Amino acid sequence: MTNIFIIGMGLIGGSLSLALKQDSTFHRIGFDISEDETNMAHQLGIIDERVTRLEDGAERADVIIIATPVGVTIKIIEQLSTMSLKKGVILTDVGSTKRTIVEQAEQLLPSVCFIGGHPMAGSHKSGVTAAQEHLFENAFYLLTPTAKTPRDQMISLKNILKLTKARFIELDAKRHDRLVGVVSHFPHIVAAGLVHQLEKMQATDDQVTALAAGGFKDITRIASASPIMWRDILVHNKEEMIRLMNEWQREMDEIREFIEEEDHESIYQFFAGARQIREGLPQKSRGAIPAFYDLYVDVPDHLGVVSDVTYVLAENKIHLTNIRILEAREDIMGVLRLSFRSEEDRTHARTVLIERHYQIYEQ
């Protein structure tokens, strides 16, 4: 048996454990600072064994996966450096920043093979009860080996993680932080900034909140992410964040100048260029920010219409993760936003709802 010790029984740790369950030669040991989460993971069959002390799992492990926030990961590496780990153990993590973690591991655990990892998948739910076996399927799984990483251990880790059905990409830790900073870390700052701007206006005009209930709330959805997680991510990727903020400020200064001068053509090109670039992005690839698999359904103001939509989905065994009524006023066509867990579910839902003569569209 291969002992795989997973530290952190949240969404990511739980989902990795479920994916690894497919191989009966893996003995999955779980630990979390919250014993309730560890016990829940064990009761649900997400792990084979639970431990209440870090060393009880770490010193028996052939592979250790740290599935915790970045700040906690660094503290756990410090703790592991005081333990008697197996010779040849492979240590990896799932953190959204890599440089500081890799440097910490190389400094404190020089004789241990540490391979930084970042599965670029997630969910709008958290905790071990939200774990999904197929969470990482077709997602990018970034790995950050160094020049010191033995190739055979890199292959071993990939052979274990291939059960996630993710797509592996190898790159160095510094490049990882630069790329992910652009497509994930900085957008979260922008979204949170927009929400704070709304709050300031609300102090003088509370009607702005009602107007923000539609599209504004959609484009700032990522601002609802864990503040603890994002505090740690930004602190540990501060160089890239400061660089991106400076570039963003220059971009905003430029568009402000266009507006002040009423430069119609430059304003048009600003939006036209952005539209062209956005429409050229991959349509079905999973990126750094969890995708929203949404459908919008026009529904008439008839009694039972929402129940009919949900019945159609249930009848076809389509898993619905969220439903929201965007407009429902008398004599006005309502809009349902249906959220699904995968592109396959969304495609299936589109087909069956069109067959029932509903008007479907996507944003």
Side-chain angles (χ1 to χ4, degrees), residues 11-12 14-16 18-19 21-22 44-46 119-141 163-167 212-222 224-225 275 278-363:
L11 170 72
I12 301 299
S15 297
L16 279 171
L18 281 176
K21 188 177 182 178
Q22 301 170 69
L44 295 173
I46 292 173
M120 297 178 73
S123 171
H124 315 303
K125 297 180 180 180
S126 60
V128 72
T129 55
Q132 303 173 35
E133 179 183 337
H134 302 294
L135 182 67
F136 311 105
E137 189 170 335
N138 296 320
F140 290 117
Y141 203 123
L163 291 172
T164 63
K165 297 186 173 102
R167 301 161 61 189
F216 181 88
K217 195 170 182 180
D218 286 345
I219 64 173
T220 57
R221 283 164 87 169
I222 57 175
S224 295
R275 177 181 178 179
R278 185 183 182 280
E279 290 182 351
L281 295 175
Q283 294 294 319
K284 295 188 177 180
S285 297
R286 296 177 66 180
I289 297 175
F292 299 101
Y293 301 109
D294 293 345
L295 278 182
Y296 294 81
V297 185
D298 285 339
V299 290
D301 183 23
H302 293 160
L303 186 65
V305 67
V306 175
S307 297
D308 183 63
V309 170
T310 56
Y311 174 78
V312 171
L313 298 176
E315 186 181 36
N316 287 276
K317 296 181 172 56
I318 301 171
H319 186 74
L320 183 64
T321 61
N322 197 11
I323 183 169
R324 181 180 168 204
I325 302 173
L326 300 181
E327 186 65 82
R329 294 200 302 265
E330 188 175 358
D331 298 327
I332 295 180
M333 182 74 76
V335 178
L336 295 181
R337 186 179 71 204
L338 309 176
S339 299
F340 303 92
R341 63 183 176 183
S342 68
E343 177 61 32
E344 291 75 16
D345 281 349
R346 179 168 65 174
T347 300
H348 190 191
R350 183 193 302 111
T351 300
V352 298
L353 288 171
I354 288 174
E355 287 174 355
R356 292 291 286 264
H357 309 294
Y358 283 103
Q359 185 69 38
I360 307 294
Y361 61 98
E362 300 174 25
Q363 286 192 341

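No experiment lies behind these values; they were computed from the predicted model shown. Values below: all heavy atoms of this structure, side chains included; hydrogens, waters and symmetry mates excluded.
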*Asks:* Do Val352 and Glu315 pass the side-chain contact (heavy atoms from CB on, under 4.5 Å) test, and can you show the C-alpha distance, the side-chain angles, and the key distance before you say yes or no?
*Replies:* CA-CA 10 Å; Val352 298; Glu315 186 181 36; over 6 Å; no

*Asks:* Please test Asn316 against Thr351 for side-chain contact (heavy atoms from CB on, under 4.5 Å), starting from the C-alpha separation and ending with a verdict.
*Replies:* CA-CA 11 Å; Asn316 287 276; Thr351 300; over 6 Å; no

*Asks:* Check whether any side-chain heavy atom of Lys165 sits under 4.5 Å from a side-chain heavy atom of Gln22, and report yes or no.
*Replies:* yes

*Asks:* Taking all atoms of both residues into account, what is the closest heavy-atom pair of Leu313 and Ala349, and its distance?
*Replies:*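 Taking Leu313 first and Ala349 second, the nearest heavy atoms are CD2-CB, 3.7 Å.
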
*Asks:* Any non-hydrogen side-chain atom of Leu135 less than 4.5 Å from a side-chain atom of Ile12?
*Replies:*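 Side chain of Leu135 against side chain of Ile12, heavy atoms only: contact under 4.5 Å found.
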
*Asks:* State, with a plain yes or no, whether a side-chain heavy atom of Phe340 is found less than 4.5 Å away from one of Leu320.
*Replies:* yes

*Asks:* Kindly give the heavy-atom pair with the smallest separation between Val309 and Leu353, and that separation in Å.
*Replies:* CG1-CD2, 4.2 Å

*Asks:* Let me confirm one number: the NE2-CG distance from His348 to Asp345, rounded to the nearest 0.5 Å.
*Replies:* 8.5 Å

*Asks:* Kindly compute the distance separating OG1 (Thr164) from CD (Glu133), expressed to the nearest 0.5 Å.
*Replies:* 11.0 Å

*Asks:* Roughly how far apart are Leu11 CG and Gln132 CD, rounded to 0.5 Å?
*Replies:* 7.0 Å

*Asks:* What heavy-atom pair brings Ala121 and Ala139 nearest, and what distance separates the two atoms?
*Replies:*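 Taking every non-hydrogen atom into account, CB-CB, 3.9 Å.
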
*Asks:* What is the minimum heavy-atom distance between Ser339 and Asp294, and which atoms define it?
*Replies:* OG-OD1, 2.8 Å

*Asks:* About how many Å separate CD1 of Ile360 and CG of Leu338, when rounded to the nearest 0.5 Å?
*Replies:*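 Separation between the atoms: 7.0 Å.
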
*Asks:* Working to the nearest 0.5 angstrom, can you tell me the gap between Leu295 CG and Tyr358 OH?
*Replies:* 13.5 Å

